[in-house]
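Both counts, for ligands and for their atoms, begin at 1 and track the order of listing.
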Amino acid sequence: MHKHLSPPPSSTPAPCRPGRFGGTPLLLGTLWALPLVGAPAPDQCHVYWGDVHGHTRLSDGKGTLDDYFTYARDVAKLDFVIVSDHDFGNGEPWWMPRENWTRTQAKADEYTTDGRFVALAGYEWTSQPKYWTEVGPDTPSERLFPGPPKHYNHKNVYFPAGVDHLLCAKDPAYMSPNLLAQAVAKLGGLIHNNHPDSTPEGEDQFAYDPAYSTVIANTELLPDTLQYQGKTHQVNGEQTVRGFLNRGGRTGFVAGTDSHEGKPAARTAVLAPELTRAAVFDALRHRRNYAVTNARILLDFRLNGHLLGEEFEIEGKPRLVAEVRGTDMLDEVALIRDGVILYSISPKARSTRLEYVDQSFEGTSYYYLRVIQADKDEHGNRSHAWSSPIWVKSAE
Ligand SMILES: [Zn+2]
Ligand SMILES: [Zn+2]
């Protein structure tokens with residue numbers, strides 16, 4: 001039976017229409033159902049899975065572009081993938097030669113088939129202090145720039161259509177996040193912050209004009225602690241990103257394997273009406289995406305009917321609704337407001353629904369949903385999922 005949602009709010013992102021190309025329907029799309037009364041189409045996004053970060057032998061990874069895209073499509077069964085070799089550093093050649101960038105774009109086009117698989121050509125803008133100043137005798141490298149080191153970290157850059165040359169971290173014209181964002185915006189591209197780092201110096205990675213949050217739309221998310229080869233590592237991934245949000249920053253959440261073995265996997269879900277490059281790009285631009293660490297957890301998180309990633313005004317108190325379908329027992333589903341857990345449940349079931357009216361809302365807040373599942377990867381990390389935040393302000 002056809003169902004549709006409550007009337008869509010008037011907001012920036014394009015409304016989602018039914019997916020022509022498969023994908024998983026949004027959970028609340030059916031659970032918030034109203035009878036279809038003469039409407040031509042249900043307003044419905046589908047979930048498509050991808051990886052937004054990975055390398056080939058064009059920089060410091062293994063395998064060719066063909067290997068990467070073939071693995072993503074046929075082995076990992078992804079709907080979309082971004083390839084992101086380093087533009088500078090991390091091995092010879094120190095600059096990505098122009099022909100490699102041209103080849104990356106041509107291969108992404110070759111592998112893209114609407115409705116089946118979308119490949120996006122990107123690169124990893126690589127700026128790190130070790131290339132800035134004193135390079136030890138064991139680290140032979142060209143240098144970035146003289147002067148005090150900047151900790152801009154790495155950012156992935158990608159474009160919906162071909163661009164002539166990449167905007168390299170080694171080029172003075174694109175050496176800072178502001179300069180890069182300005183240039184990428186002109187070309188219609190997008191950027192996300194990679195593997196944010198919680199060192200005090202790592203704040204440089206978020207030191208860009210807030211106006212560029214429409215270009216630097218997302219940030220890769222990791223848990224605060226990670227088990228790796230029997231040791232616990234305090235990476236403070238979520239905490240670092242929360243710090244940026246708490247300072248008024250705007251960013252959606254993505255995740256990537258950063259595979260150097262040519263093995264991309266499902267880490268980012270986008271909500272899009274269809275599987276085309278333009279639709280995936282549009283979802284990422286509007287932060288209609290969420291991040292997972294391992295399992296393909298389905299989550300649908302809305303505030304007063306608005307989708308994740310949105311920013312808008314409301315009258316009255318926010319009504320938050322989440323529907324989660326895990327692949328194992330859900331240990332925790334937490335609603336986070338302004339960096340602090342506002343409400344959480346421990347469903348101990350594979351799926352759950354959470355509904356919460358925030359009576360203590362004081363006029364402006366951001367909210368996101370975090371899910372932790374019981375299953376563990378080979379190092380002992382439980383599966384996580386994080387929705388992009390929703391920002392809301394009182395209209396009164
Ligand atoms: Zn990196
Ligand atoms: Zn990388």
Side-chain angles (χ1 to χ4, degrees), residues 50-65 67-69 71-72 76 78 80-96 100-101 104 108 119-132 139 141-142 144 149-158 166-170 174-177 180-181 184 189-199 201-208 216-223 226 228 233 235-237 240-241 244 251 253-268 284 291 293:
D51 191 339
V52 298
H53 191 163
H55 298 266
T56 73
R57 71 182 188 205
L58 291 187
S59 58
D60 53 353
K62 289 182 184 150
T64 62
L65 288 163
D67 295 336
Y68 186 86
F69 289 137
Y71 186 95
L78 300 183
F80 71 96
V81 78
I82 299 176
V83 67
S84 55
D85 279 302
H86 293 284
D87 65 343
F88 175 77
N90 286 37
E92 311 254 7
W94 294 105
W95 294 60
M96 183 190 281
N100 285 3
W101 174 236
T104 301
L120 282 156
Y123 65 92
E124 186 165 15
W125 181 88
T126 304
S127 179
Q128 51 200 83
K130 72 174 176 177
Y131 296 139
W132 204 283
T139 318
S141 163
E142 285 192 18
L144 275 170
K150 289 291 188 182
H151 298 247
Y152 292 143
N153 207 335
H154 303 176
K155 298 182 193 297
N156 273 6
V157 182
Y158 30 99
L166 51 76
L167 316 169
C168 181
K170 178 77 167 81
Y174 318 116
M175 65 174 281
S176 71
L180 177 71
V184 170
L190 276 182
I191 303 171
H192 70 248
N193 298 306
N194 290 354
H195 40 70
D197 148 359
S198 65
T199 59
E201 299 85 357
E203 296 304 336
D204 288 346
Q205 70 205 314
F206 293 113
Y208 48 80
I216 310 176
N218 292 290
T219 300
E220 290 182 354
L221 215 63
L222 282 172
L226 267 184
Y228 187 70
H233 298 263
V235 294
N236 296 332
T240 303
V241 179
F244 175 58
T251 188
F253 300 160
V254 291
T257 53
D258 198 0
S259 174
H260 285 68
E261 307 293 319
K263 291 181 177 168
R267 293 289 182 269
T268 299
L284 290 168
T293 58

> Hey, do the aromatic rings of Tyr68 and His55 have their centres closer than 6.0 Å?
Replying inline: no
>> Ring centroids only, cut at 6.0 angstrom: are Tyr174 and Trp125 within range, meaning strictly under it?
In response: no
> Which atoms of the protein, restricted to N, O or S, are nearer than 2.8 Å to the Zn ion (ligand 1)?
Replying inline: Glu124 OE2, His154 ND1, His195 NE2
> Quick one: do the Thr257 and Asp51 side chains pair a donor with an acceptor below 3.5 Å?
Replying inline: yes
> Do we see a donor-acceptor contact under 3.5 Å between the side chains of Asn194 and His192?
Replying inline: yes
> For the side chain of Glu220 and the backbone of His195, is there at least one donor-acceptor N/O pair under 3.5 Å apart?
Replying inline: yes
>> Closer than 3.5 angstrom, by distance alone: can the side chain of Asn193 be matched with the main-chain N or O of Thr219 as a donor-acceptor pair?
In response: no
> Do any N/O/S atoms of His55 come under 2.8 Å of the Zn ion (ligand 2)?
Replying inline: yes
